[in-house]
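Here's the structure we're looking at; comments come further down.
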Amino acid sequence: MAVRLAVTDLTNTPEASRQDQALALARAEAARPFDLRRGPVFRASLITTGGTENLFVFVVHHIAFDGWSRDVFLRELGFFYEGF
């Protein structure tokens, strides 16, 4: 399955409000419901806030992700991020 990574660029947003805007977008994404009949049961997006600062937003339905899965995901994400 191809994974679509939505990208939102906030670099043209006034610096004083970028973090608030990024967090508002992340919260809105987390609040959006999943269609369990059609899937997928996760979403990923990247919010660019300037320079080398980005916010990776990964939202997954609890039907597909538990605490153990979260730990594995975060460990592997960190491993690949550091390797990059």
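Index from 1, following the sequence.
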Among side-chain atoms of Asn54 and Thr48, is any donor-acceptor pair under 3.5 angstrom? yes

Could you tabulate the donor-acceptor pairs under 3.5 Å formed by side-chain atoms of residues 75-84, not counting sequence neighbours?
none

If you measure only the distance, is there a donor-acceptor pair under 3.5 Å linking the side chains of Ser17 and Asp20? no

Taking the six-membered ring for Trp, are Phe73 and Phe58 closer than 6.0 Å centroid to centroid? yes

Which atom pair, heavy atoms only, marks the closest approach of Thr49 to Ala22? CG2-CB, 3.9 Å

Among the clusters formed by ILVMFWY side chains lying less than 4.5 Å apart, do Phe42 and Ile47 turn up in the same one? no

Transitive ILVMFWY side-chain link Phe65 to Val57, under 4.5 Å: no

Side-chain touch Arg27/Leu23, heavy atoms, less than 4.5 angstrom: yes

Taking everything shown except Glu29 itself, do over 12 heavy atoms lie less than 6.0 Å from its CD? yes

Please report the closest heavy-atom contact between Phe56 and Ala44, naming both atoms and the distance. CE1-CB, 4.1 Å

His62 NE2 to Arg70 CZ distance, which is reported to the nearest 0.5 Å: 15.5 Å

Heavy-atom pair with the smallest gap, counting every atom of Thr11 and Arg18: O-NH2, 3.0 Å

Work out which heavy atom in Val41 is nearest to a heavy atom in Ala64; give both atom names and the distance. CG2-CB, 3.5 Å

Assess the residue pair Arg32 and Arg43 against the criterion (side-chain contact (heavy atoms from CB on, under 4.5 Å)); give the C-alpha distance rounded to whole Å, side-chain angles, the decisive distance to 0.1 Å, and a yes or no. CA-CA 10 Å; Arg32 198 163 54 97; Arg43 294 185 293 271; 2.5 Å; yes

Atom CZ of Arg4 and atom OG of Ser45: how far apart are they, to the nearest 0.5 Å? 9.0 Å

Grouping I, L, V, M, F, W and Y whenever their side-chain heavy atoms are under 4.5 Å apart, do Leu46 and Val60 come out in a common cluster? yes

